[in-house]
Amino acid sequence: MTTTDERPAGFEKNDHKPVGHGRMLRKEDPRFIRGKGRYVDDVQLPGMLHCAILRAPVAHARIVSIDTSAAEAHPKVKAVVTGATLTGLGLAWMPTLSGDVQAVLATDKVRFQGQEVAFVVAEDRYAARDALELIDVEYDVLDPVIDVRKALDPSAPVIRDDLDGKRNNHIFDWETGDEAATEAVFASADVVVSEDIVYPRVHPAPMETCGCVADYDRIDSRLTLWSTSQAPHAHRTLYAIVAGLPEHKIRVISPDIGGGFGGKVPIYPGYVCAIVGSIVTGKPVKWMEDRSENLTSTGFARDYIMRGEIAATRDGRILAVRTNVLADHGAFNGVAAPVKYPAGFFGVFTGSYDLQAAYCKMTAVYTNKAPGGVAYACSFRITEAVYLVERIVDCLAYELKMDPVELRIKNFIQPEQFPYRTKTGWLYDSGDYEPTMRKALEIAGYDDLRKEQAERRARGELMGIGVAFFTEAVGAGPRKDMDILGLGMADGCELRVHPTGKAVVRLSVQSQGQGHETTFAQIVAEEIGIPPADIDVVHGDTDQTPFGLGTYGSRSTPVSGAAAALVARKVRDKARIIASGMLEVSVADLEWVKGAFHVKGDPEKSVTIQDIAMRAHGAGDLPEGIEGGLEAQICYNPENLTYPHGAYICVVDIDPGTAQVKVRRFVAVDDCGTRINPMIIEGQVHRGLTDGVGMALMEMIAFDEDGNCLGGSLMDYLIPTALEVPDWETGFTVTPSPHHPIGAKGVGESATVGSPPAIVNAVVDALRPFGIRHADMPLTPSRVWDAMRGVPRPPV
Amino acid sequence: MQVSMIVNGEEVTREIEGRLLLVHFLRDDLGLTGTHWGCDTSNCGTCVVWLDGEPVKSCTVLAAMAGGHEVRTVEDLEQGGELDPVQRGFMECHGLQCGFCTPGMMMTARALLDRNPDPSEGEIREAISGQICRCTGYATIVRSVRWAAAHEASTPAGGAS
């Protein structure tokens, strides 16, 4: 590993035409604004067939019989496949990302509404759908488990009777922290506050649904899969394991992806169906789910029922936080999280505060709902953790009659305490919290807002000001601690400089809209002085890129960004040696400025990186022991996660007549360390803030008592439009990560994590005249209305 | 059945099923994949195209209903190698990330500017309120449309920059 050179002079003021870091328009945009993006559903292959999936109409039922004869007789149908067919191929069940198994097609029972039962391959997508209507399935309907609180009742139906010896719906218990020490602190604390806090089930609902085109070449035994995947390399390995295909004969291509947000991390049955369809028919097969399939069967998020407790002194010193969580994982445990972290990174529920003790106990259960569990920009369950702590801290402020800002500042981990080991074992790398909070207060005009609120309250108006402060843990691994199904969470990167000084960098992570083609070109440009326009970024194709675990959990910049910087430094180190030969001086006599090596004390004598690239490929002599070419590759294994933080302030007005919440203002000050492209960072923050408005006020995947999904279309699952969100006000501070080569931290999910508590805290603050300390998301008009009238909260 | 229509200024005639949606006709039959399919229920607006100059959601228009009419898609925004100011605005102001909603957003924005060359933030938000973007949080889309308004070739530069 190379050491860090100082940032070259002149690189700071590069807003107009950057060489490295700075605002730069995106390299990928010219194709998108022309309608020339290439998404999975745009892939058209000669002879391509279409796959459609028959799904369970009920949440829990035994399959008595399936009659496919009428479907098979349809003139445009090429294949009809059921669970029985897949059993014959050994493909009826597949491993999930968390060590459970999931039915590709149901063989014995259906376990959630929308579960895959059979699929049809036909000549066009309409005919495939027609044929689904011709499949006759007889079900013996069973009682479903819908209320997660009743899942462990002795009388509850056993959902997973496919598992040997399974007699209940229990998945795992998990704990972190010190139970006894925490109890001791609670027992002697002046003040203890507890609250039941629900984080409802939501869905990432990217605008592009999930889908794939599978093309199996029988002659060469080679599978090419265009797929909506956030992790093409990991998927390829899993396909090799599941389907028994040799890994070198599988190519997974994630072309342009229309948003992922975590929902495109798992392998869904539909992908496997399309692959089987292609193997069976010998033709390319496309499967694209519709919106209803997307919302009812793929990648839900959250669904944590939490009891939060906080212990403090009467003057507002927070001593300990404790929580008990009941986690609804649906019918199969499909959580996408590092193996040793079944609850993701929920362990950071201690937040940004210096505590004496902390403890969490969690129980996860099966219910008759869609599987999943980590999705929707959650940074592996940090959304739930931050929501819990930031809500319970506000409850404490309410009881102590303290300003929520004052309470937070009083308890912040101090800058000199970093690296800071939390009571649940996480090592926060760096942070300087109070300036970030002060900046948010300044942008918001906090004191004036409080005065305005007092005046409005006196007039009977409902105005609320909500504050949240978060610390995230993003950028998994290191690989010794973090793996998914045995695959270590590290990422490769390759950089090749062509003879004319242009370059190509190949990433193992992959963009779903984050702008990797720009950001990674800038990272490399900053290190080797080749303009970003001259650097091509290749990603999303397992045949073209080195192995790595993919883009989710805000890990691209912390892990792959580090890899890109280090591989560039490796190239630069070689370039320095070649330059020393060209300039006939020792390497120690060279200094690196603006893309060229200069002889110290004789700045006229220099060679540019482009000169060096030509020399590296040329016919002339190279220094002793140096091979031709100018390229390098590495695999970066992060030594720790990165810990971005932020301070968010939300102002809401509630209509006293309709209980409609309007977000009037939202101030977000983020600290993600070194900022590579501020424009892209701001965009990421805006996105997450909008998620927050959705989750706090609108979005929920609900079920009726029979297990019918009530959020199965965008008419029922409400996502913010331009009318529900304000013009965002953003700011930043910079506390670099000490272990990341360029000091950068992840930011992609920060705002999704930090904004829901700010909004809920604002709504609860507005409702203070009603004596309300907590209300559960989504704070729809009916829920706020009920809260104002003292109606008990709904169960889930 | 046979259907004929003008798509992006050119007459096309195809043999289709009567139930074929316009979005699938454009994408699968004509290869105009800039128009996207996102929800089936007219909620997301990734499929917005123009029908006789008005933005419509092509997932809820039958291709047959467009017979004899004029359809314009995102592929027609660039004229003679010149990007439409709306396209430039979206690039300049980071009005897109994954790009999936972008064609529909731009078609709506173009229609808005044609009837209101200097829309306010509120008017822009109202105009795109039938469409969903999961990436941008809308503020940069609003800025993009304002940028386009300020850079229209036919109107003097002014307004927001």
Side-chain angles (χ1 to χ4, degrees), chain A residues 25-26 28-39 41-42 44 124-126 204-209 256-261 288 290-292 294 511-515 679-680 682-691 693-694 713-715 719-728 751, chain B residues 17 19-20 24 27-28 31-46 73-78 83-84 86-88 90-103 106 121-122 124-143:
Chain A
L25 300 189
R26 299 200 322 167
E28 41 273 90
D29 286 354
R31 67 175 183 272
F32 289 133
I33 53 107
R34 289 175 170 88
K36 297 293 184 191
R38 188 165 165 83
Y39 303 90
D41 198 20
D42 302 340
Q44 293 275 15
D124 64 67
R125 62 175 102 207
Y126 287 44
M207 297 322 298
E208 178 203 38
T209 58
D256 289 324
I257 302 293
F261 319 122
M288 281 306 299
D290 65 25
R291 179 58 60 188
S292 178
N294 177 252
S511 173
Q512 308 107 46
Q514 297 93 331
M679 179 188 83
I680 286 178
E682 186 188 46
Q684 295 275 291
V685 171
H686 285 191
R687 189 198 66 69
L689 298 177
T690 308
D691 284 351
V693 171
S713 81
L714 293 182
M715 291 189 289
I719 292 173
T721 73
L723 293 179
E724 282 81 38
V725 296
D727 193 12
W728 312 108
Chain B
E17 284 190 66
R19 62 179 175 170
L20 182 67
H24 290 140
R27 289 179 50 78
D28 296 343
L32 296 169
T33 53
T35 302
H36 296 138
W37 174 54
C39 78
D40 302 308
T41 50
S42 290
N43 291 93
C44 83
T46 62
T73 71
V74 65
E75 286 88 351
D76 194 48
L77 278 182
E78 183 179 13
L83 290 176
D84 189 281
V86 168
Q87 292 173 299
R88 290 169 55 211
F90 271 71
M91 283 202 292
E92 292 286 341
C93 301
H94 195 30
L96 70 152
Q97 290 183 33
C98 80
F100 203 78
C101 78
T102 313
M106 291 194 304
E121 177 185 338
I124 296 167
R125 286 182 182 271
E126 180 71 36
I128 61 170
S129 64
Q131 288 162 257
I132 296 171
C133 172
R134 273 307 235 180
C135 294
T136 64
Y138 304 106
T140 55
I141 294 180
V142 173
R143 288 179 209 165

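The two residues Ile33(A) and Leu96(B) have their closest heavy-atom pair at CG2-CD2, 4.1 Å. In plain terms, the two heavy atoms of Ser713(A) and Thr41(B) that are nearest each other are CB-CG2, 4.4 Å. Nearest heavy-atom pair, Pro206(A) versus Arg134(B), reported as atom, atom and distance to 0.1 Å: CA-CG, 4.3 Å. Phe32(A) and Gln97(B) get closest at one heavy-atom pair: CE1-O, 4.0 Å. Smallest separation of non-hydrogen atoms from Gly35(A) and Val74(B): CA-CG1, 3.8 Å. Of all the heavy atoms in His94(B) and Met679(A), the pair that sits closest is CD2-O, 3.2 Å.
For the atom pair CG (Leu25(A)) and CZ (Arg88(B)), the distance works out to 11.5 Å, reported to the nearest 0.5 Å. Between Met91(B) atom CE and Glu28(A) atom CD the span is 11.5 Å, to the nearest 0.5 Å. Atom OH of Tyr138(B) and atom CG of Leu689(A) lie 13.5 Å apart (nearest 0.5 Å). Rounded to the nearest 0.5 angstrom, Asp290(A) CG and Trp37(B) CH2 are separated by 5.5 Å. One distance of note links CD of Glu75(B) with NZ of Lys36(A); it measures 5.5 Å at 0.5 Å rounding. Between Thr46(B) atom OG1 and Tyr39(A) atom OH the span is 10.0 Å, to the nearest 0.5 Å.
Contact of Glu126(B) with chain A is made through backbone and side chain together, with heavy-atom distances under 4.5 Å. For Asp28(B), the parts sitting under 4.5 Å from any heavy atom of chain A are the backbone and the side chain alike. For Pro30(A), the parts lying near chain B are the backbone and the side chain together; criterion is any non-hydrogen pair under 4.5 Å. Proximity to chain B is limited to the side chain of Asp691(A), based on heavy atoms less than 4.5 angstrom apart. At a 4.5 Å heavy-atom cutoff, the contact between Gln44(A) and chain B is made by side-chain atoms alone. For chain A, the nearby parts of Ser129(B) are the backbone and the side chain; heavy atoms of each come within less than 4.5 Å. For a residue to count as touching a neighbouring chain, one of its non-hydrogen atoms must lie under 4.5 Å from one of that chain's; by this rule Arg26(A) touches chain B with the side chain only. In this structure, the portions of Leu714(A) lying under 4.5 Å from any heavy atom of chain B include both its backbone and its side chain. Using a 4.5 Å cut-off between heavy atoms, Ile132(B) contacts chain A through both its backbone and its side chain. For Glu682(A), the part lying near chain B is the side chain, with the backbone staying farther off; criterion is any non-hydrogen pair under 4.5 Å. For a residue to count as touching a neighbouring chain, one of its non-hydrogen atoms must lie under 4.5 Å from one of that chain's; by this rule Glu92(B) touches chain A with backbone and side chain alike. Of the atoms belonging to Arg38(A), not a single heavy atom falls under 4.5 Å from chain B. With a 4.5 Å cut-off on non-hydrogen atoms, Leu20(B) touches chain A through its backbone and its side chain both. Both the backbone and the side chain of Thr721(A) come within less than 4.5 Å of a heavy atom in chain B. Looking at Ala205(A), both its backbone and its side chain come within 4.5 Å of chain B, counting heavy atoms on both sides.
In this view, Arg27(B) and Asp41(A), Asp42(A) satisfy the salt bridge (charged side-chain N to carboxylate O under 4.0 Å, His left out) rule, not counting sequence neighbours.
In terms of heavy-atom pairs under 4.5 Å with chain B, the best-connected choice from Glu724(A), Met715(A), Gln684(A) is Met715(A). Ranked by heavy-atom pairs under 4.5 Å with chain B, the first of Pro720(A), Gly688(A), Gly259(A), Gly513(A) is Gly513(A). Per-residue counts of heavy-atom pairs under 4.5 Å with chain A were compared for Arg19(B), Glu121(B), Gln131(B), His24(B); the largest is that of Arg19(B). Interface check for chain B: of the options Asn294(A), Val725(A), Asp256(A), the most heavy-atom pairs under 4.5 Å are formed by Val725(A). Between chain B and the residues Pro204(A), Ser292(A), Ser511(A), the most heavy-atom pairs under 4.5 angstrom are made by Pro204(A). Per-residue heavy-atom pair counts under 4.5 Å with chain B were compared for Arg31(A), Arg125(A), Gln512(A), and the maximum is reached by Arg125(A). The candidate with the highest count of non-hydrogen atom pairs below 4.5 Å against chain A, out of Gly34(B), Cys135(B), Gly99(B), Gly122(B), is Cys135(B). Comparing Asp40(B), Asp76(B), Thr102(B) by how many heavy-atom pairs each has under 4.5 Å with chain A, the most go to Asp40(B).
Arg291(A) contributes a side-chain N or O that, together with a main-chain N or O of Gly38(B), makes up a donor-acceptor pair within less than 3.5 Å. Looking at Trp728(A), its side chain never comes within 3.5 Å of a backbone N or O of Ala139(B) through a donor-acceptor pair.
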Report the C-alpha separation of Ile141(B) and His686(A) in whole Å, then their side-chain angles, then the decisive distance to 0.1 Å, and conclude whether the side-chain contact (heavy atoms from CB on, under 4.5 Å) test is met. CA-CA 11 Å; Ile141(B) 294 180; His686(A) 285 191; over 6 Å; no
Run Met207(A) and His36(B) through side-chain contact (heavy atoms from CB on, under 4.5 Å) and show every step you take. CA-CA 9 Å; Met207(A) 297 322 298; His36(B) 296 138; over 6 Å; no
